[in-house]
Amino acid sequence: MNRNWHGVLLRHLLLLIGACLILGLLTGHYGLCLAVGLGGYLANTLRHLLRLQHWLRHQQPDEPPPEGNGLWGDVFDNIYNLQRKDSRARARLQGVIDRVQESTAALRDAVIMLDSDGNLEWWNPAADTLLGLKTPQDGGQPITNLVRHPRFKEYFEAEQYAEPLEMPSPLNDRLRLQFMVTRYGNNEHLMVVRDVTRIHQLEQMRKDFIANVSHELRTPLTVITGYLETLLDNAGHLNPRWLRALQQMQQQGSRMQTLLNDLLLLAKLEATDYPSDSYPVDVRAMLQSIVNDATALSGERHHQVTLEAPSDLWMKGSEPELRSAFSNLVFNGVKYTPDNGRVHVRWWQDETGLHLSVQDSGIGIEPKHISRLTERFYRVDSSRSSSTGGTGLGLAIVKHVLLRHKGSLDITSIPGKGSTFTCHFPQALRVPSTAADSTFA
Ligand code: ADP
């Protein structure tokens, strides 16, 4: 009830004082009557306060409040209504939580909630099956203690969750799991783990298929191009009508050979995440020989290929892989730059790491193509590439080699003016000068 309790209280108090004064007039003891009247009022107030306190403390669920009169009755009712509203809201919230928990329990993907320190807060039953978590014993434990794998620990602690992590299940080597971590709220983590064994197997089959087909095609192709070469060596005995056909066959045969070699190299690069043969590489010497080859490739087209590289800046990596990546970039510079153009190769280091850039004064690339250049067989202009003998796999090889060396590729280009391809490597790959010297010695 919405009453004006100020007025009511004032009226009650005035009535009480009036009654006490009348009683005082009758008995002649004003002070005593007033003290008794106000004392009674205070006692009544205290009695209600005590009943309220007792009810709040020992209240059973849904137990109605004690009877009270006047303002106290209203206070009891208001508290009771607030409590009922609160418990209804809680029940609704619990219902939502129960439904979320039921649906995540039905999921085949593991859903795990971790606090800001990476300790387990909640997880669904699939997390028990996929990761071997134990309910409820593992609650509060750090996730890195429960999923014991160096790659997981490194991934979780690096806090770079843009890309998911894929690795074998800690319970069963044949299962392949994908971990995706998202941060939310107060730096808490939500981790979703999926079984991607099937997708992984299909991906593996695709890689194996390409590698096997390329391998199988190599032998017949070598035989065919070998015979073509022999025939062309004796061109004098051939009917001139056949000469042009044979020359074209040989040209296309050698294109196919380059294509197969690139496909095989890509398959090899995809087979593992890191180069197995990592050792100090004298990058300057390697670039010098690539620049020499590029000048030879340019030949009559007279490109000016220049190199700027300190001799003491060595890096750790796989020399054949790096040579293949860098030469693809430098040769592209020559291929896609008109005659007499410039290609400048620069190798340097700064506080952000090691860098190699290949800058040309060539035809350039429209911005819309740049993000897709490293896709296999992506060509800006297929007629242009076939005239340069490109396979469309060069930049895909560059991307894979850089990934395996924890590096990245940056492409900037202005159509008609030229392009710059820059490879960035982490500082950790730098070989200290003393090590480089001793290797050199
Ligand atoms: P390709 O074997 O066709 O050269 P790449 O993967 O090396 O294949 O390059 C993909 C495409 O990127 C090329 O077809 C070409 O259109 C473009 N491209 C690569 N490098 C350059 C460059 N330096 N200047 C202009 N375009 C380039």
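Counting starts at 1 for both ligands and their atoms, in listed order.
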Legend entry - Nitrogen or oxygen of Leu395 less than 3.5 angstrom from that of ligand 1: yes
Inset, instruction - Taking only heavy atoms of Phe421 into account, list the atoms of ligand 1 that are under 4.0 Å away from them. - result: 20 (N), 21 (C), 22 (C), 23 (N)
Legend entry - Euclidean distance, Gln178 CD relative to Ile199 CD1, rounded to 0.5 Å: 7.0 Å
Inset, instruction - Any chance you could measure Ser324, atom OG, to Leu266, atom CG, to the nearest 0.5 Å? - result: 9.0 Å
Legend entry - Of the listed options Ser361, Gly394, Gly392, closest to atom 1 (P) of ligand 1 (non-hydrogen atoms): Gly392
Legend entry - Test: Arg57 cationic atom under 6.0 Å from Trp55 six-membered ring centre, within 45° of axis: no
Legend entry - Minimum heavy-atom distance Trp122-Gln101, with the two atoms named: NE1-NE2, 3.1 Å
Inset, instruction - May I ask you to check whether over 12 heavy atoms, not counting those of Glu67, lie within 6.0 Å of atom CD? - result: no
Inset, instruction - Answer side chain, backbone, both or neither: which part of Leu329 comes under 4.0 Å from ligand 1, heavy atoms only. - result: neither
Inset, instruction - Specify side chain, backbone, both or neither for Tyr378, according to which of its non-hydrogen atoms lie closer than 4.0 Å to ligand 1. - result: backbone
Legend entry - Lys207 atom NZ, neighbour heavy-atom count above 12 within 6.0 Å: yes
Legend entry - Within reach of ligand 1, part of Val380 (heavy-atom separation under 4.0 Å): both
Inset, instruction - Compute whether any side-chain donor of one residue and acceptor of the other, for Asp339 and His303, lie under 3.5 angstrom apart. - result: no
Inset, instruction - Decide whether the shortest distance between a heavy atom of Thr391 and an atom of ligand 1 is less than 4.0 Å. - result: yes
Inset, instruction - Of the side chain and backbone of Lys335, name the one, both, or neither that has a heavy atom under 4.0 Å from an atom of ligand 1. - result: side chain
Legend entry - Any Ser419 heavy atom less than 4.0 Å from ligand 1: yes
